[in-house]
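One-based numbering, in listed order, for ligands and for the atoms of each. Nothing here was measured: the structure is a model prediction, and the numbers come from that model.
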Amino acid sequence: MNNRISALLIAGLISFGFCMCSAGGQQSTPVSESQNKRQVPQFDADSAYSYVARQVDFGPRVPGTPAQKEAAQWLENELRRHGATVYVQNAEATAYDGTRLPIINIIGSFNPEARNRVLLMAHWDCRHLSDNDPDKSKYNTPVDGANDGASGVGVLLEVARQAGLSNPKMGIDIFLTDAEDYGAPDDFKGTHKESWWALGTQAWCRKPHVDGYRANYGILLDMVGAKCATFYREYYSDMYARDIVNRVWGVASNIGLGRFFINQAGAGVTDDHVFVNKMTGIPTIDIIDTRQDSDNTFYPHWHTSGDTIDKIDRETLKAVGTLLLNLIY
Ligand code: AHN
Ligand code: ZN
């Protein structure tokens with residue numbers, strides 16, 4: 001056996017040993033090989049992870065708190081440092097309980113003149129409640145949001161860093177959206193409204209960062225950092241943007257990521273992409289970790305005090321980031 005083959009075998013065994021999650025799809029070509037052929041930049045999972053950790057260090061990024069302002073400034077600087085043209089949108093919205101929320105949407109554009117554009121989104125705010133925590137004394141504590149929020153932003157900041165280092169042909173708009181997660185808790189009395197979620201995205205849909213903004217398609221990332229994540233075909237994504245879902249799950253399979261991107265119908269989630277589809281007509285999908293073995297659809301620490309940095313797995317960040325770079329390049 002030559003050295004190269006034994007190295008590949010060892011690498012394969014290591015990666016197999018590290019993930020004990022049930023296999024949802026089959027393995028194919030190793031990611032690194034297909035990347036080299038097509039000159040796709042390598043996604044650096046350590047860098048993405050440090051972007052997640054940095055956000056968590058600000059404390060919960062809840063609208064109206066000092067952590068929100070501080071983190072917004074940092075996100076804006078980070079996108080600018082990587083060469084993006086940055087737009088900051090300040091808005092205000094009223095939450096389900098009457099609270100006035102200051103909204104800070106941050107958009108970083110690469111190749112602002114290109115006609116062919118992709119819109120990449122993640123929410124950067126944190127839920128103000130741990131309303132899913134089994135410990136009821138935690139109910140009013142905001143979440144750290146390591147996975148629910150920071151993971152998607154961490155992946156997109158690393159994509160931004162790679163875009164700044166290389167020369168993407170496409171226009172790329174990285175939209176870090178605020179106040180996604182301020183929806184009413186289950187025990188809120190009265191009629192629940194879908195429009196209580198994704199407040200920042202709704203403000204942007206009404207008034208995009210540039211007049212007449214269009215993109216060929218959009219991809220939202222939500223909860224893309226947990227160990228054993230499973231990305232099923234989210235219901236509304238298939239409903240509004242089936243071609244994009246087919247393409248994304250097809251690329252995932254081709255580059256050996258079928259273990260994460262399971263080509264089967266999944267749950268529907270009221271998330272930012274629903275409003276982008278309804279309000280702008282830009283076909284937009286949601287890459288979101290949903291679980292078929294869970295009561296609440298999501299990963300076990302969702303909306304609990306346990307959504308902390310130690311739950312973040314570089315392998316999952318790498319899978320999602322590698323997929324995005326393969327789509328864009
Ligand atoms: C609902 O539970 C209706 N939507 C969840 C969207 C969400 C919350 N994504 C992250 N946190
Ligand atoms: Zn949430």
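For ligand 1, none of its N or O atoms has an N or O atom of H123 under 3.5 Å away.
At the shortest separation from atom 8 (C) of ligand 1 among protein heavy atoms lies D181 OD1, 3.1 Å. Looking only at protein heavy atoms, the nearest one to atom 4 (N) of ligand 1 is T270 O, 3.1 Å. Nearest to atom 9 (N) of ligand 1 among the protein's heavy atoms is D222 OD2, 2.8 Å. Protein heavy atom in closest approach to atom 10 (C) of ligand 1: D148 OD1, 3.0 Å.
For residue D181, an N/O/S atom approaches the Zn ion (ligand 2) to within less than 2.8 Å. Not one N, O or S atom of H123 sits under 2.8 Å from the Zn ion (ligand 2). D148 lies close to the Zn ion (ligand 2), since one of its N, O or S atoms is found at a distance under 2.8 Å.
At a heavy-atom distance under 4.0 Å, only side-chain atoms of H303, from C-beta outward, approach ligand 1. For I288, no heavy-atom contact with ligand 1 is shorter than 4.0 Å. When heavy-atom distances to ligand 1 are checked against a 4.0 Å cut-off, E180 comes that close only through its side chain, counted from C-beta outward.
In this structure D222 satisfies the side chain to side chain contact (heavy atoms under 4.5 Å, CB included) test together with H123, D148, D271, D286, I288, sequence neighbours excluded.
With atom 2 (O) of ligand 1 as the reference point, the heavy atom nearest to it among W197, Y182, W196 is part of W197.
Q89 pairs with exactly one of D178, T177, N105 by the side-chain hydrogen bond (donor to acceptor under 3.5 Å, both in side chains) rule, that one being N105. No option in N326, I285, D243 other than I285 meets the side chain to side chain contact (heavy atoms under 4.5 Å, CB included) test with V248.
For the pair R61 and W124, the cation-pi test (distance below 6.0 Å, angle within 45°) is failed.
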